[in-house]
Protein chains: 2
Amino acid sequence: MSSIKQVAALLQTIGQESRLQILLAIGEGETCVCHLEAMLGLRQATLSQHLMALREAGLLEARRQGRFIHYRLNDPRLLAILRQAADVQGVPLPELSPSPDCNCPNCSKEKGPGNNSSRCEVRS
Amino acid sequence: MSSIKQVAALLQTIGQESRLQILLAIGEGETCVCHLEAMLGLRQATLSQHLMALREAGLLEARRQGRFIHYRLNDPRLLAILRQAADVQGVPLPELSPSPDCNCPNCSKEKGPGNNSSRCEVRS
DNA sequence: ATAATATATTCATTATGGCGAATATGTCAT
DNA sequence: ATGACATATTCGCCATAATGAATATATTAT
C-alpha cells in the first residue's frame, strides 16, 4: 500500500467524532471499556465496533484483565496529531481523562451507598 | 459545532488519497489546477470537486489569474499534520513539488519541440 | 460575436461506513 | 454445570461521500 494510502487510512480512521472521543478518553493512560461506555454514552456494540476499528488500524492495544479489557494508545504521537488538528481549526481540544471520576455504573468506587464492588479496577 | 466535531471534520476532509495528493502537490507554494490535473492523473471534474471540498473546509484559498486559478494552502500547519501522521504510520511522506518539472500538457515550458506557450505561468 | 480553453457545478449512480438489533464468546461466581 | 456479566462479532439498513457524465461559467483570442 502506498504511503499516501496509509496516511489517508489513518486520518480517515480517526476522523470521526466517536473515535476521537475514545482516543481522548483513553489519552496517555489505560481505560477499560465500561469506563468508555459510561463516559461517552455510546451503546456497547457501537463502542466495541469503534474499538475494533481502532485496533485493526494499529492505533489501540487491548489487554485482558479478567472479564475486563483495557485499551491503551499504541503511540502517544496520535494525541499530538489531534492537538495539531485542533490547533489548525482554532478550537480547544477537550481533556477527557476518565480515570479520576468516572461515573461508570460498574466502577463506583467511593461513590453512592450500597455500591462497593471494585470491578473495573486493575487487580494484579 | 463542538470542537471535537470540528476536528473530526478536518481529519475526515483530508483523510482521502486524492485530497492528500492535492495538498502535498500544492505544498508551501501555489499551484494551478492544470498542474494538479496532469500530476495526479485525476479527471478534471473530480479534481475540481475535491478542490471545492477543500475550499469549503477552509483549507485552500483560490486566486484567479486570467483563465487559470491558483490554489494555495491556507495554513502551512496542515502539512505538519500530514508529516505527523506519516510519522505515526512509519512511512515516508512523498514530496510532491509540482513547479519544477510539471508535465502538464499545457505548461510545457522548455519541453518537447513545437511547444512554446507560457500558459499556466503566473503573468502579472 | 464566436470559438477555444480553464475551471466549476449539477445530477445520478455507486461505494463506504456508521448504526442498531441480535447473537456469540470468554470469564468469573456459585 | 449454570448463570451472570463484559465484551466481541455478525448482519442488514441507511446516510454520507466519491465517482462519472454532462453541462455551465468565465476568460482570452480571433
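Here is the naming used below: chain letters follow the sequence lines, and residue numbers restart at 1 for every chain. Just so we're clear, the structure is a prediction, and the values are computed from it rather than from any experiment.
Under the salt bridge (Lys or Arg N to Asp or Glu O under 4.0 Å) criterion, A/Glu61 pairs with no residue at all, not counting sequence neighbours. A/Ala8 meets the side-chain contact (heavy atoms from CB on, under 4.5 Å) test with B/Leu20; sequence neighbours excluded. Remark: B/Ala86 pairs with A/Val7, B/Val91, B/Leu93 by the side-chain contact (heavy atoms from CB on, under 4.5 Å) rule, at least two apart or across chains. Every residue meeting the side-chain contact (heavy atoms from CB on, under 4.5 Å) condition with B/Ala57, not counting sequence neighbours, appears here in chain and number order: B/Thr13, B/Leu59. With sequence neighbours excluded, the residues that form a side-chain contact (heavy atoms from CB on, under 4.5 Å) with A/Pro94 are A/Leu24, B/Ser3, B/Ile4.
Contact check of residues 41-48 of chain B against DNA chain D (heavy atom, cut-off under 4.0 Å) returns B/Arg43, B/Ala45, B/Thr46.
Atom pair A/Leu54:CG and C/dG18:C1' shows a separation of 13 Å (rounding to whole Å applied). Residue B/His50 contributes atom NE2, which lies 14 Å from atom C1' of C/dA8 at whole-angstrom precision. Across the protein-nucleic acid pair, B/Leu36 atom CG and C/dA6 atom C1' stand 13 Å apart, rounded to whole Å. A/Tyr71 places its OH atom 11 Å from the C1' atom of D/dA6, with the value rounded to the nearest Å. Here the P atom of nucleotide D/dA6 and the CZ atom of A/Arg67 are 6 Å apart, to the nearest Å. We find that CE of A/Met52 is positioned 12 Å from C1' of C/dG18, with the value rounded to whole Å. The separation between A/Glu17 atom CD and D/dA15 atom P is 18 Å, rounded to whole Å. Atom-to-atom, CZ of A/Phe68 to P of C/dT27 comes out at 13 Å; the value is rounded to the nearest Å.
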- Message: side-chain contact (heavy atoms from CB on, under 4.5 Å), that's the test. Do B/Leu36 and B/Ile26 meet it? Break it down for me.
- Response: CA-CA 8 Å; B/Leu36 295 171; B/Ile26 294 179; 4.3 Å; yes
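Between A/Ala85 and B/Leu11 the shortest heavy-atom distance is CB-CD2, 4.1 Å.
Heavy-atom distances to DNA chain C give each of A/Ser18 and B/Arg55 a nearest nucleotide, and the one nearer the 5′ end belongs to B/Arg55.
Residue pairs meeting the side-chain hydrogen bond (donor to acceptor under 3.5 Å, both in side chains) criterion with at least one member in residues 46-60 of chain A, sequence neighbours excluded, are A/Arg19-A/His50, A/Arg55-A/Tyr71. Pairs engaging residues 82-93 of chain A under the side-chain hydrogen bond (donor to acceptor under 3.5 Å, both in side chains) rule: A/Asp87-B/Arg77 [sequence neighbours left out].
Contact between the side-chain N/O atoms of B/Arg64 and the OP1/OP2 oxygens of D/dT25 is not found at any separation under 4.0 Å.
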I'd like a table of atom pairs between the protein and nucleotides 14-17 of chain C - only N or O on both sides, under 3.5 Å - with the distance next to each one.
{"unit_1": "C/dG17", "atom_1": "OP1", "unit_2": "A/Gln12", "atom_2": "NE2", "d": "3.2"}

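Nearest nucleotide to the B/Gln49 side chain, out of D/dC11, D/dA21, D/dT7: D/dA21.
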